[in-house]
Number of protein chains: 2
Amino acid sequence: MRNRSVTYSSEATFQALADPTRRAVLDLLRRGSQPAGEIARAFPVSRPAISKHLRLLRRAHLVQEHRQGRNRVYHLNPEPLRAVDSWLDQYRTFWKMSLTNLKRFVEAEYSKETNQGHAPKSNRKTSKGDL
Amino acid sequence: MRNRSVTYSSEATFQALADPTRRAVLDLLRRGSQPAGEIARAFPVSRPAISKHLRLLRRAHLVQEHRQGRNRVYHLNPEPLRAVDSWLDQYRTFWKMSLTNLKRFVEAEYSKETNQGHAPKSNRKTSKGDL
DNA sequence: ATGATCTGTAACCCTACAGTTACACGACGG
DNA sequence: CCGTCGTGTAACTGTAGGGTTACAGATCAT
């Protein structure tokens, strides 16, 4: 129940992913769940620092915590990453094209209409025929 | 000439992607290159604010600028996003599993060895057989 | 009960950044 | 040459983030 199609704020997700330590925490958790202290010991920074990182990750629902005695075991929740994935998906077609060609195309495209419209007008999205 | 396999700092990339406005700028540029002013007009914030966003995006090599008369035309460079994609790739297998099952698995896994080792030791990475 | 352990949080730095307004400078059009 | 346009940047403010140390609360062993 409420397992599928829960929408997470991709805002919080992207923001959580911005910090290298947090990404490393996720990478660590990918190998298996760990209690907070254990996680902290894997990093050069202080334990409270990691605790705050975990708070952010929790806020983004990228990790979930469950108490286990006096430990707080954290485990990964990859679900919010789907949003990142689908955002990224819109760009995948782009990096299939040669960059220099894309650049040339765009430059030509723009100088063709220097003071009318600026971008390729409607949904004329860089059709491969131009390359 | 240094066209392929240029390594971008995924650090700068993730950080650039953290801001919603910058992601929107990229989304905009996906429709076609535009001069700075044009981009700025698409957002509620001031033009210098966008200029600074563009600086960050430039720093992350997510956009490239080329002068065109007195305009500075920005175009998208999706290349650094590959790093994000490949980082994300390590998580794709995870979100194929049911979350509740994953959770149960991990909990069981941990309580099995409460005070010995904490994580599934070596590279025993949640083989699908457990679900 | 008592003390050690695990953890989160508050209080406090300092830096980065998103936003603003004001300004500087090159490019164009007369 | 002069005004305007397009753009970047400096100066400044407010806020959030990441780091620290010190402390508080819960749990466990004795």
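Below, chains carry the letters A, B, ... as their sequence lines are ordered, and counting in each starts from 1.
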Between Asp27(A) and Arg30(A), does at least one N-O distance fall below 4.0 Å, as a salt bridge requires?
-> yes
Ignoring hydrogens and angles, tell me if any N or O in the side chain of Asp19(A) forms a donor-acceptor pair with the backbone of Thr21(A) under 3.5 Å.
-> yes
Do Leu56(A) and Phe14(B) belong together in a cluster built from hydrophobic side chains that touch within less than 4.5 Å?
-> no
Using a cut-off of strictly less than 4.0 Å between a heavy atom of the residue and any atom of DNA chain C, enumerate the qualifying residues of residues 45-61 of chain B by number.
-> Val45(B), Ser46(B), Pro48(B), Ala49(B), Lys52(B), His53(B), Arg59(B)
Taking NE2 from His66(A) and P from dG8(C), how many angstroms apart are they, rounded to a whole number?
-> 13 Å
N or O in side chain of Asn71(A) less than 4.0 angstrom from dT7(C) OP1/OP2 = yes
Whole angstrom value for the distance that separates P of dT27(D) from CD of Gln68(A) = 13 Å
Rounded to the nearest angstrom, tell me the gap between atom CD in Glu11(A) and atom P in dA18(C).
-> 11 Å
Arg41(A) CZ to dT7(C) P, straight-line distance once rounded to whole Å = 8 Å
Would you call Gln15(A) and Arg59(A) a side-chain contact if the rule is heavy atoms closer than 4.5 Å?
-> yes
Does the side chain of Arg22(A) get closer than 4.0 angstrom to OP1 or OP2 of dG18(D) through an N or O atom?
-> yes
Between dT7(D) (P) and Phe43(B) (CZ): distance, integer Å = 15 Å
Grab the CG-P distance between Leu17(B) and dA18(C) for me, whole Å please.
-> 12 Å
From the list dG8(C), dG8(D), dA18(C), which nucleotide is the closest neighbour of the side chain of Arg72(B)?
-> dG8(D)
Side chain of Arg70(A) (C-beta onward), nearest among dG18(D), dG8(D), dC6(C) = dC6(C)
Selected nucleotide, minimal atom distance to Gln15(B) side chain, candidates dC28(D), dA16(C), dT7(C) = dA16(C)
If you check every side-chain atom of Tyr74(B), which of dC17(C), dG8(D), dC28(D) has the closest atom?
-> dG8(D)
Please examine the side chains of Leu81(A) and Phe94(B), heavy atoms only from C-beta on, and report whether any two atoms are closer than 4.5 Å.
-> no
Check: Leu17(A) main-chain N/O paired with Arg23(A) side-chain donor or acceptor under 3.5 Å | yes
Got a salt bridge between Arg82(A) and Asp89(A), using NZ or NE/NH1/NH2 to carboxylate O under 4.0 Å?
-> no
Here the distance between atom P of dC6(C) and atom CD of Glu65(A), to the nearest Å, is 16 Å
